[in-house]
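Accompanying notes for the structure given below.
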Amino acid sequence: MNDRLEDVAALFDGGRLTLARQLTGLRKNALAVQIQKTPTAVAAYENGSKRPAASTVAALALALDVNPAFFITSSSNLPATTATPHFRSLRSTSQISRDQAHAYGCMAVDIATAIERHVQFPERNLPQHPVAGDSSAGTGPEEAARLLRKEWELPSGPVGHLIRLVENYGCLVVFSPLDNATVDAYSFDTAQRPVILLNPLKDDYYRQRFDVAHEIGHLVMHLDAEPGSRVVEDQAHRFAAELLMPADEIANELPHKADWRTLSQLKQRWNVSLQALLYRARTLEIMKDVTYRNAMTTVSTRGWRRREPGPMPMLEQPSLLPRAVELLHSENQADELTLANECQAPLRLFRTITSRTPLTEAT
C-alpha cells in the first residue's frame, strides 16, 4: 500500500485534488483542518507548486472519501477545459454549491469518456447560434430555436421525448446528487460533450421538459456569455418557448383569455405546463397583460404553481449512460466497479451519474 501511495504522490495532479474537494463541498481551509495542514499547503497541492507526501495523499483520500488513485493525472483534464456553468441565479446559489455542481458535471464527462472506450456514443451535433447576452432586444433566441429545429430535422408540432432527442445529438443528461439538490437545472459545454444536469427533486414532467429546453438554449446561444444575468436567463426562456411551442404553429391555438379547458387540452397536446402556455400567449401578444396577470393570480391562489391539475406523465429519463452500462454488464465485458475504477470515480457517484432516475439516500 505504501508503494502505491508513493506512486500516487509522484503522479499527483493538483486539478484532481480540486475536483475531489469541490465534489465534497469543502473549502480549502476546512480540508486543511481535516488533514492537519495549512490552507496554504492545500493551495500549493492544488496549483501544483508542491507535491504532497505519501502520508498526506492517504489523509487527503480519507478526508475526501476517494481512492488515492483518484489524484493521478487524468488525460481529460476536465476542470481546466470546461466553460462556466449556466446557473439560474448566481445570487441564490453559493460559490461552494456552484463549485460542487461544476465538479459533478466534470465527473459525469469523465465517466462518459471512459465508457465511450467500450461503447460507441452518438457524435455531438449541437449547432452554435450565438446571441448577445447584454441585450433583450431582437428575436435572436426565437431564431436560434427555429434554426435548431430545422438542423435537427424536427417535424412540425410538439417535440417528442426531449431528453432522448438531445442524447441522440451527443449531449449528456444526468441527474444531480441529492446533496446538490439546492441547485436548479444547469448546463455547460466541454471539449468532449455538452452536459445538462437536472434537479433530482423536481418531480414534474412538464417543468423538467422546459428545464431541458432552457438548458439547450444556453448551450446553443451562450457559449461565451456571462452566466446568471436576467437577460441571459430570459433569452433561454424565450428559446425554450419557441423550441417547444413554435409561434407559427401554436399562435392560432392559444386562447386570448384564461379558458382553462382549452389550456388543459393544449397542455396535453404540446407537453408543456399551463404556466408555459400562459407565458407564451402573453409574449405572442395573444393575451393582454392584465389577462395574463389575472390568470397567474388564479394559478397561485389554487396552488397550481407547485402542482398543476390533471394527469402527470412519468419523468423523461436519461438512457445514454445507463444503457451503455447495462449493455457492458449483460455482455460480461465490465461491471459497475470495473468501469468506476477505470475512470477513477467513487462508486456512489458513478451509480448516481449512470442512473436512469434520481437516486435516493437509501439507494
Side-chain angles (χ1 to χ4, degrees), residues 16 19-20 23 66-67 69-70 72 74-79 81-83 85 101-126 152 159-178 180 185-200 205 208-209 211-213 215-216 219 314-360 363:
R16 298 289 291 180
L19 183 63
L23 282 170
V66 296
N67 189 293
F70 185 91
I72 293 176
S74 170
S75 60
S76 56
N77 196 25
L78 289 171
T81 59
T82 52
H102 188 200
Y104 180 77
C106 290
M107 198 74 253
V109 178
D110 230 1
I111 288 172
T113 301
I115 293 176
E116 198 168 3
R117 298 189 188 108
H118 310 282
V119 177
Q120 185 175 0
F121 287 165
E123 293 184 7
R124 60 175 292 157
N125 179 14
L126 189 64
W152 280 0
V159 178
H161 197 298
L162 193 55
I163 289 181
R164 185 177 301 127
L165 175 67
V166 296
E167 287 184 324
N168 286 341
Y169 284 101
C171 295
L172 288 180
V173 183
V174 300
F175 286 103
S176 295
L178 284 176
N180 205 225
Y186 60 102
S187 60
F188 61 94
D189 202 358
T190 76
Q192 289 83 356
R193 291 184 180 278
V195 191
I196 296 174
L197 297 105
L198 302 176
N199 189 299
Y205 168 84
Q208 184 199 71
R209 278 174 58 84
D211 280 350
V212 174
E215 299 307 324
I216 295 172
L219 293 169
M314 292 178 58
L315 289 177
E316 293 183 356
Q317 299 178 354
S319 61
L320 189 65
L321 294 181
R323 187 175 180 184
V325 172
E326 292 163 2
L327 177 64
L328 291 171
H329 181 72
S330 67
E331 295 186 354
N332 296 318
Q333 293 188 33
D335 57 16
E336 281 185 329
L337 184 58
T338 301
L339 291 169
N341 288 337
E342 183 176 332
C343 57
Q344 302 172 334
L347 185 58
R348 58 184 170 77
L349 277 182
F350 181 89
R351 286 175 171 166
T352 303
I353 288 169
T354 59
S355 175
R356 294 180 184 274
T357 58
L359 296 187
T360 64
T363 302

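Residue numbers run from 1 in the order of the sequence given.
- Distance check, rounded to the nearest 0.5 Å: CZ of Arg209 to NE2 of His161 gives 9.0 Å.
- Nearest approach of Phe175 to Tyr104, heavy atoms of both residues: O-OH, 2.7 Å.
- Classification of the His102-Phe188 ring pair by plane angle, with boundaries at 30° and 60°, yields perpendicular.
- Of the possible donor and acceptor atoms, none in the side chain of Asp110 sits under 3.5 Å from a partner among the backbone N and O of Cys106.
- Ala185 and Glu215 make their closest contact through O-OE2, 3.3 Å (heavy atoms, listed as atom of the first residue, atom of the second, distance).
- Across all non-hydrogen atoms, the minimal contact from Tyr186 to Ser176 is CE2-OG, 3.7 Å.
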Hey, can you pull the donor-acceptor pairs under 3.5 Å for the side chains in residues 318-327, sequence neighbours left out?
residue	atom	partner	partner atom	Å
Ser319	OG	Glu167	OE1	3.2
Glu326	OE1	Arg356	NH2	2.9
Glu326	OE2	Arg356	NE	3.2

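- In this structure, the side chain of Ser355 does not engage the main chain of Pro358 through any donor-acceptor pair within 3.5 Å.
- Going from atom CZ of Arg348 over to atom CD1 of Ile353 covers 10.0 Å, rounded to the nearest 0.5 Å.
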Should Glu342 and His118 be marked as a side chain to side chain donor-acceptor pair (under 3.5 Å) after you check the CA-CA gap, both sets of side-chain angles, and the distance that decides it?
CA-CA 11 Å; Glu342 183 176 332; His118 310 282; 2.9 Å; yes

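- Counted within 6.0 Å of CD on Glu331, heavy atoms from surrounding residues, nucleotides or ligands total more than 12; the atom is thus considered enclosed.
- Residues Leu219 and Ile196 form a side-chain contact, since some pair of their non-hydrogen atoms from C-beta on lies under 4.5 Å apart.
- Considering only residues two or more places apart in sequence or on other chains, Thr338 meets the side chain to side chain donor-acceptor pair (under 3.5 Å) condition with Asp335.
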Take Trp152 and Asn168 through the test side-chain contact (heavy atoms from CB on, under 4.5 Å) and record every step on the way to the result.
CA-CA 10 Å; Trp152 280 0; Asn168 286 341; over 6 Å; no

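- Formation of a donor-acceptor pair under 3.5 Å by the Glu316 side chain with backbone atoms of Leu162 is found in this model.
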Carefully, step by step, assess Gln344 and Arg16 under the rule side-chain contact (heavy atoms from CB on, under 4.5 Å).
CA-CA 10 Å; Gln344 302 172 334; Arg16 298 289 291 180; 3.3 Å; yes

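- Residues satisfying the side chain to side chain donor-acceptor pair (under 3.5 Å) criterion with His329, sequence neighbours excluded, are absent altogether.
- Just one of Val159, Val212, Ile216 meets the side-chain contact (heavy atoms from CB on, under 4.5 Å) condition when paired with Leu165; it is Val159.
- With a 4.5 Å cut-off on side-chain heavy atoms, Met314 and Tyr205 do not count as touching.
- Separating the CG atom in Leu315 from the OG1 atom in Thr357 is a distance of 9.5 Å, to the nearest 0.5 Å.
- The CG atom of Leu197 sits 12.0 Å away from the CG atom of Asp211 when rounded to the nearest 0.5 Å.
- Considering all non-hydrogen atoms of both residues, Pro177 and Thr352 come closest at CA-CG2, 4.0 Å.
- Annotation: salt bridge (charged side-chain N to carboxylate O under 4.0 Å, His left out) contacts of Arg164 (sequence neighbours excluded): none.
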Can Ile163 and Leu198 be said to form a side-chain contact (heavy atoms from CB on, under 4.5 Å), step by step?
CA-CA 11 Å; Ile163 289 181; Leu198 302 176; 3.8 Å; yes

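- Not counting sequence neighbours, Gln208 has no partner by the side chain to side chain donor-acceptor pair (under 3.5 Å) test.
- For the side chain to side chain donor-acceptor pair (under 3.5 Å) test, no residue two or more places apart in sequence or in another chain qualifies with Asn125.
- Here the closest non-hydrogen pair linking Asp189 and Arg124 is OD2-NH2, 3.0 Å.
- Atoms CG and OG1, on Leu172 and Thr113 in that order, are 8.0 Å from each other to the nearest 0.5 Å.
- Taking SG of Cys343 as the start and CZ of Phe70 as the end, the distance is 9.5 Å to the nearest 0.5 Å.
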